[in-house]
Amino acid sequence: MRHIAIVGSGPAGYYTAEAAQKQFGDGVRVDIFDLLPVPYGLIRTGVAPDHQSIKAVSRRYEKTALSDNVRFVGNVAVGTDVTIPELRELYDAVVLATGAPKDRPMDIPGAELANVFGSAAFVGWYNGHPEFADLDPDLSGHSAVVIGMGNVALDVARILAKTPREFEGSDIVGHALEALKASSIQRIVILGRRGPHQIMMTPKELGELGELERAAPHVDPRDLPEQAEDAILEPGLRKSVNLVRAFAAIPEHIRAEKRIAIEFDFCAQPVALIGRDKVEAIEVERTEVVAGRAKGTGETYHIPASLVVSCIGYRTTPIPDVPFDERAGRFANDEGRILPGLYCVGWARRGPSGTIGTNKPDGFSVAGKIQEDIDNGALGPGTKAGRPGFDALAQARGLEVVTFRDWKKIEEAEEKAARDGAPREKFVDIEAMIRARR
Ligand code: NAP
């Protein structure tokens with residue numbers, strides 16, 4: 001029997017469990033650890049609450065979770081409650097699927113001002129992540145700036161712009177819905193340090209900005225490259241650029257009917273955040289794109305900003321005893337191998353890019369590497385203690401482990417508490433989750 005510990009119960013974790021089942025059949029036991037008492041990681045706290053169809057993938061993970069040889073081990077902090085050397089002692093393979101839950105820091109003066117947030121915190125706030133539930137952003141000002149031109153920036157801009165009616169059927173948490181209902185934001189500027197041809201936004205997500213009840217996208221036609229230049233773009237990006245062109249063509253009188261303007265500011269690089277205690281404006285430098293890179297022109301200007309959310313990417317949280325690549329912000333690894341018997345997968349391996357589905361081949365790839373390492377003798381004879389060993393350790397330490405059956409009780413309580421038409425009202429603090437399972 002082989003024992004595998006997967007750390008992190010998001011998409012990368014569950015696809016790895018599924019791959020391990022396919023690879024090793026009945027000859028494997030998989031324990032999936034999570035810091036939170038609830039599973040699914042990014043699906044629960046990262047994917048936008050109004051994208052329920054994307055969240056539905058968790059049903060596939062539930063199928064894996066309910067199989068006999070896979071177990072959810074929630075409410076356990078790997079690195080402190082149990083260390084990596086301890087897990088490596090107990091399991092044949094330890095796979096880190098911890099994602100990239102921390103914001104890439106915005107390295108400019110003023111980043112510490114109040115009402116400046118990274119997207120991990122801001123998205124965590126409206127998605128009910130216990131770490132960020134108390135963020136309490138001030139939405140009483142008129143003007144928000146969202147930094148970055150990726151899909152997370154789109155999520156943040158869209159959530160800031162939606163009406164309460166547009167949140168029907170979503171699982172946005174109550175505290176965020178109430179705050180957004182009272183929001184005074186009328187202008188949302190999305191800042192991109194490069195041009196329309198370098199956006200990271202995908203067509204479906206970008207298209208949603210054109211269909212909002214009280215908000216319209218604003219693009220200055222003068223920012224667009226010659227249409228003929230679109231021919232060199234790969235098809236997905238060309239579709240996105242077509243949408244940007246369509247936004248630029250929206251007649252002024254149509255845009256004026258909407259209360260909220262979502263303005264695209266291209267070739268605009270943040271230089272500093274300005275304010276006394278709280279942010280009031282952002283200083284931006286105009287850039288030009290030279291050989292694909294943003295190059296400052298020296299021309300600067302200010303944009304009023306009562307709220308700033310930087311959506312410029314994420315970093316993996318280091319874990320004691322695991323080699324870390326500081327520059328890349330993820331575990332140091334060679335195609336998923338970190339140390340003998342220690343692997344990583346998903347964003348913890350390759351950084352924060354790709355869709356949820358990208359994690360599927362990743363999971364299968366790491367299962368293949370584990371098989372290779374078993375075959376070449378690197379993982380020993382298969383006599384590790386596995387589950388019973390961890391259970392003894394958890395008991396000795398008094399850890400309050402949350403099982404998948406416990407999670408189903410928490411889920412039931414969240415579903416019962418849902419607003420009309422909503423799938424659930426999430427618990428936003430760990431104690432409340434633990435109480436619900438009791
Ligand atoms: P992303 O796609 O990498 O976009 C990051 C953006 O931040 C880029 O526009 C980048 O500009 C900009 N940026 C980076 N550093 C910057 C700096 N120092 N100053 C100014 N701008 C900076 O990342 P993301 O939006 O966080 O998304 C992460 C992954 O999740 C992506 O693969 C995304 O597609 C996926 N996702 C998907 C969905 C969905 O499918 N619905 C939703 C959310 C996220 P440069 O290009 O110039 O570096």
Side-chain angles (χ1 to χ4, degrees), residues 10-12 41-57 99-111 116-124 126-127 145-159 170 189-209 236-237 239-241 244 264-273 282-296 303 308-316 327-330 346-348 350-359 362:
L42 200 74
I43 299 295
R44 180 177 166 102
T45 58
V47 171
D50 57 343
H51 281 170
Q52 287 299 313
S53 59
I54 300 181
K55 286 182 192 261
V57 71
K102 293 282 173 238
D103 285 304
R104 253 178 78 186
M106 220 191 346
D107 209 7
I108 56 173
V116 176
F117 305 108
S119 52
F122 196 76
V123 171
Y126 63 62
N127 261 333
V145 170
V146 177
I147 302 172
M149 285 200 178
N151 282 333
V152 173
L154 280 177
D155 281 347
V156 168
R158 187 181 71 253
I159 295 293
S170 82
V189 180
I190 305 181
L191 277 192
R193 61 180 170 181
R194 298 189 291 158
H197 273 187
Q198 287 83 29
I199 57 174
M200 302 292 283
M201 300 160 161
T202 47
K204 184 178 158 288
E205 286 65 29
L206 187 56
E208 287 175 70
L209 277 202
L237 180 56
K239 263 193 194 165
S240 292
V241 172
V244 174
F264 284 70
D265 197 347
F266 296 103
C267 292
Q269 176 165 276
V271 175
L273 295 159
I282 179 164
E283 184 181 340
V284 172
E285 181 180 16
R286 192 53 79 212
T287 67
E288 52 191 17
V289 181
V290 180
R293 297 177 73 91
K295 186 167 171 273
I303 304 172
V308 172
V309 186
S310 90
C311 307
I312 62 168
Y314 299 104
R315 288 170 66 82
T316 294
R327 201 190 51 80
R330 58 179 185 241
W347 282 10
R350 63 189 152 80
S353 66
T355 63
I356 287 159
T358 316
N359 294 299
D362 250 35

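Order of listing sets the numbers, starting from 1, for every ligand and every atom in it. The first residue of the sequence shown is numbered 1, and numbering continues consecutively from there.
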Part of D107 with heavy atoms under 4.0 Å of ligand 1, whether side chain, backbone, both or neither: neither
With heavy-atom distances below 4.0 Å as the criterion, list the atoms of ligand 1 near Y314. 26 (O)
Of G357, P270, G354, A294, the residue with the heavy atom nearest atom 32 (O) of ligand 1 is G354
Distance under 4.0 Å to a non-hydrogen atom of S353: what atoms of ligand 1 satisfy this? 32 (O)
Ligand 1 atoms nearer than 4.0 angstrom to some heavy atom of E205 are 39 (C), 40 (O), 41 (N)
Look at atom 12 (C) of ligand 1 and say which protein heavy atom is nearest, naming residue and atom and giving the distance to 0.1 Å. G148 CA, 4.0 Å
Distance check, rounded to the nearest 0.5 Å: E205 atom CD versus N151 atom CG? 4.5 Å
Which is it for N127 and T45 under the side-chain hydrogen bond (donor to acceptor under 3.5 Å, both in side chains) test, yes or no, and what are the steps along the way? CA-CA 5 Å; N127 261 333; T45 58; over 6 Å; no
How far is atom 28 (C) of ligand 1 from its nearest protein heavy atom, and which residue and atom name does that atom have? P352 O, 3.6 Å
Should S310 and I312 count as side-chain neighbours, where that means a heavy-atom distance under 4.5 Å? yes
Nearest protein heavy atom to atom 30 (O) of ligand 1, by residue and atom, and its distance? W347 CZ2, 3.6 Å
Does a side-chain heavy-atom distance below 4.5 Å link R158 with D50? yes
Output yes when a side-chain donor or acceptor of W347 lies under 3.5 Å from a complementary backbone atom of S353, and no otherwise. yes
Which one holds for C311 and ligand 1: side chain close, backbone close, both close, or neither close, with close meaning a heavy atom under 4.0 Å? backbone
Of all protein heavy atoms, the one nearest atom 25 (O) of ligand 1 is V152 N, 3.1 Å
Which of the atoms of ligand 1 are close to R104, meaning less than 4.0 Å from one of its heavy atoms? 15 (N)
Is atom 22 (C) of ligand 1 in close reach of the protein, with a heavy atom under 4.0 Å away? yes
Interatomic distance, CE@M149 vs CZ@F264, rounded to 0.5 Å, equals 6.0 Å
Which residue from H51, R194, M149 reaches closest to atom 46 (O) of ligand 1 through any of its heavy atoms? R194
Looking only at protein heavy atoms, which one is nearest to atom 34 (O) of ligand 1, and how far off is it? N151 ND2, 3.0 Å
Atom 42 (C) of ligand 1: of T287, L42, D155, the nearest heavy atom sits on D155
If you look at every heavy atom in Y314 and S119, which pair is closest and at what distance? OH-OG, 3.0 Å
Which atom of A120 lies closest to which atom of P101, heavy atoms considered: CB-O, 3.4 Å
Closest heavy-atom pair, M201 versus G150, reported as atoms and distance to 0.1 Å, is CG-O, 3.7 Å
Identify which of M106, E208, R193, R293 has a heavy atom lying nearest to atom 15 (N) of ligand 1. R193
Among all protein heavy atoms in this structure, tell me which lies nearest to atom 4 (O) of ligand 1, with the distance rounded to 0.1 Å. G150 CA, 3.6 Å
Any protein heavy atom at under 4.0 Å, with atom 7 (O) of ligand 1 as the reference point? yes
For ligand 1, is any non-hydrogen atom under 4.0 Å from Q269's backbone (N, CA, C, O), its side chain (CB onward), both, or neither? neither
Answer whether the closest heavy-atom distance between the side chains of M200 and L237 falls below 4.5 Å. no
Closest non-hydrogen protein atom to atom 3 (O) of ligand 1, residue and atom name please, with distance? M200 CE, 4.2 Å
Criterion salt bridge (Lys or Arg N to Asp or Glu O under 4.0 Å) on R315 and D103, from CA distance to verdict: CA-CA 6 Å; R315 288 170 66 82; D103 285 304; over 6 Å; no
I would like to know whether R286 and D265 meet salt bridge (Lys or Arg N to Asp or Glu O under 4.0 Å); could you show each step before the answer? CA-CA 10 Å; R286 192 53 79 212; D265 197 347; 3.2 Å; yes
